[in-house]
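What follows is a set of notes on a single structure, which appears directly below.
Per chain, numbering begins at 1; letters A, B, ... match sequence-line order. Note that the structure is a prediction, hence the values are computed from the model and not measured. Below, all heavy atoms of this structure are taken into account, side chains as well, without hydrogens, waters or symmetry copies.
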There are 2 protein chains.
Amino acid sequence: MIIDLNKLLERHHIRKTECRKEMLAYFYKKKYAISFPELEKAMHLHDRTSVFRNLVYFEEMGFLHKLNDSEGIAKYALCEEKCFGHLHKDEHIHFTCTNCNNTFCLKEKKLPEIKLPKGFFMESFSIVAKGICLGCSSKK
Amino acid sequence: MIIDLNKLLERHHIRKTECRKEMLAYFYKKKYAISFPELEKAMHLHDRTSVFRNLVYFEEMGFLHKLNDSEGIAKYALCEEKCFGHLHKDEHIHFTCTNCNNTFCLKEKKLPEIKLPKGFFMESFSIVAKGICLGCSSKK
DNA sequence: AATTTAATTGCAACAATGTTGCAATTAAAA
DNA sequence: TTTTAATTGCAACATTGTTGCAATTAAATT
């Protein structure tokens, strides 16, 4: 799958800076959710402040969603098509692999129904599982 | 419900220091999960390092379990009876209230069954919901 | 009750993560 | 090419989490 990052930025009227293009390219290349420290190291040519601000900006624009992996580490992952603006529709389980330490969005499965006790009113919820991922379990 | 903290510490052969007694008393008083910053401020007579080390220690001893609230903030909550050592059996939903910002353990409800795609093997999972809690919804 | 000893504390120092203000730079509109 | 508004990089800082170590203290031992 080849995605034209220039088009993506243009469509949303976002300035195509080197920093942003590099960041998005990194997200499209990796198949897992990226932590700030990892991205910071990968974007060595750019200041960590700019990288961080763009993460937040991309999240607001609906390109990325923020999540916490099973260890509570904040990570960002590419959103699904149906997300726009801050109206995220990333309704899937996140899965952290205890072997490779990567966190994946499991879009294949529907979320279960969650029931709360009387008096509690739910706006949203998240599920983070941990264990061994497909990549690690298929390696001998 | 009155819990004899001295007995609790004795039973586990843990030294009854002022710091630890204050910390546990705070946990028994509050009905929600406590963040490190909150506890640090409440334990103003003791050094933050000691408070933090005891949090980790209590977690290892099976008194407290660590969780991340819906905003990813690390919090600690009292464990259920059946937890001992690091073999935590806190199988319940956590709920963060967007009004009072507190996080509760919802022990009343069973956890749903979680299904993963082929190739993913689950060791554990957590569910964090957010919305309005019982306390806030019952106030007009 | 005094002594011993091993656990615990407080302090200092630090690492990692997240955030702000602002002047200089740059993308893209005019 | 010029203008201008967004973006960047820098410095500085706040918060959260962590380590080493000497001083202190709980409780076991005499």
Side-chain angles (χ1 to χ4, degrees), chain A residues 4-26 33-61 63-77 96 101 103, chain B residues 4-26 33-61 63-77 96 101 103:
Chain A
D4 189 331
L5 297 171
N6 278 14
K7 287 259 169 57
L8 181 65
L9 294 171
E10 267 170 27
R11 202 189 319 149
H12 292 265
H13 305 287
I14 291 178
R15 282 200 187 177
K16 290 173 281 177
T17 66
E18 274 308 308
C19 183
R20 286 172 179 172
K21 283 189 280 183
E22 257 194 69
M23 285 174 67
L24 285 177
Y26 194 82
I34 316 286
S35 68
F36 178 44
E38 173 177 347
L39 194 62
E40 188 188 331
K41 275 154 208 144
M43 303 292 108
H44 52 283
L45 294 175
H46 300 283
D47 191 79
R48 46 195 297 281
T49 320
S50 303
V51 173
F52 192 83
R53 275 192 277 226
N54 281 329
L55 276 181
V56 173
Y57 186 58
F58 286 159
E59 191 193 2
E60 284 168 1
M61 297 304 293
F63 291 6
L64 301 175
H65 61 283
K66 188 183 184 177
L67 59 108
N68 296 289
D69 78 4
S70 69
E71 309 311 299
I73 295 165
K75 293 185 173 176
Y76 290 84
T96 302
N101 256 302
T103 298
Chain B
D4 189 330
L5 297 172
N6 278 13
K7 289 258 169 60
L8 181 66
L9 294 172
E10 267 169 27
R11 202 187 322 147
H12 292 263
H13 304 289
I14 291 177
R15 281 202 187 174
K16 289 173 281 176
T17 66
E18 274 308 309
C19 183
R20 287 173 178 170
K21 283 190 281 183
E22 259 194 67
M23 285 175 66
L24 285 177
Y26 194 81
I34 317 286
S35 68
F36 178 44
E38 172 177 348
L39 194 63
E40 187 189 331
K41 274 155 208 141
M43 303 293 108
H44 52 282
L45 294 175
H46 301 284
D47 190 79
R48 45 194 297 284
T49 319
S50 304
V51 173
F52 193 82
R53 274 192 277 226
N54 281 327
L55 276 181
V56 172
Y57 187 58
F58 286 159
E59 191 193 2
E60 284 168 1
M61 297 304 295
F63 291 5
L64 300 176
H65 60 282
K66 187 182 184 178
L67 59 108
N68 295 289
D69 78 4
S70 69
E71 307 311 298
I73 295 165
K75 294 185 173 175
Y76 291 83
T96 302
N101 256 303
T103 298

Problem - G-U wobble or Watson-Crick pairing nucleotide for D/dA22 (cut-off 3.5 Å, both distances) - result: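 Partner of D/dA22: C/dT9.
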
Problem - Salt-bridge present (B/E59, B/K66; N to O < 4.0 Å) - result: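 No.
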
Problem - Charged N-O contact under 4.0 Å between B/K21 and B/E18 - result: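 A salt bridge is present here (some side-chain N lies under 4.0 Å from a carboxylate O).
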
Can you figure out which of [options] approaches the side chain of [X] most closely?
| X | options | value |
| --- | --- | --- |
| B/F36 | D/dT7, D/dT16, D/dT19 | D/dT16 |
| A/A74 | C/dT9, C/dT8, C/dG18 | C/dG18 |
| A/R53 | D/dG9, C/dG10, C/dT8 | D/dG9 |

Handout entry: Sub-4.0 Å heavy-atom contacts from residues 41-50 of chain A onto DNA chain C, ordered by number
Key =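 Correct list: A/R48, A/T49.
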
Problem - Residue pair A/L8 / A/F63, side-chain heavy-atom distance below 4.5 Å - result: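 Yes. Closest side-chain heavy atoms under 4.5 Å.
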
Handout entry: A/R15: salt bridge (charged side-chain N to carboxylate O under 4.0 Å, His left out) partners, not counting sequence neighbours
Key =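 Here no residue qualifies.
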
Practice task
Might you work through the side chain to side chain contact (heavy atoms under 4.5 Å, CB included) test for B/D69 and B/N101, ending with a clear yes or no?
Solution key: CA-CA 9 Å; B/D69 78 4; B/N101 256 303; 5.6 Å; no

Protein N or O to nucleotides 23-26 of chain D N or O, pairs below 3.5 Å:
from: D/dA26; atom 1: N3; to: B/R15; atom 2: NH2; distance (Å): 3.4

Problem - Nearest-nucleotide 5' precedence on DNA chain D, B/I73 against A/C19 - result: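 Here A/C19 is the residue nearer the 5' end.
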
Exercise for the section: Indicate whether the side chain of A/E22 and that of A/H46 have a donor and an acceptor atom separated by less than 3.5 Å. Expected result: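 Present: a donor and an acceptor within the cut-off.
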
Handout entry: Under 3.5 Å donor-acceptor, A/S35 side chain and A/K75 backbone
Key =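 No, because the side chain of A/S35 does not come within donor-acceptor range (under 3.5 Å) of the backbone of A/K75.
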
Exercise for the section: Measure the spacing between NE2 of A/H12 and OH of A/Y57 and express it to the nearest 0.5 Å. Expected result: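 Atom-to-atom, A/H12:NE2 and A/Y57:OH are 10.0 Å apart.
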
Practice task
To the nearest Å, give me how far apart NE2 (B/H12) and P (C/dA7) are.
Solution key: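 The distance from NE2 of B/H12 to P of C/dA7 comes to 19 Å, rounded to the nearest Å.
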
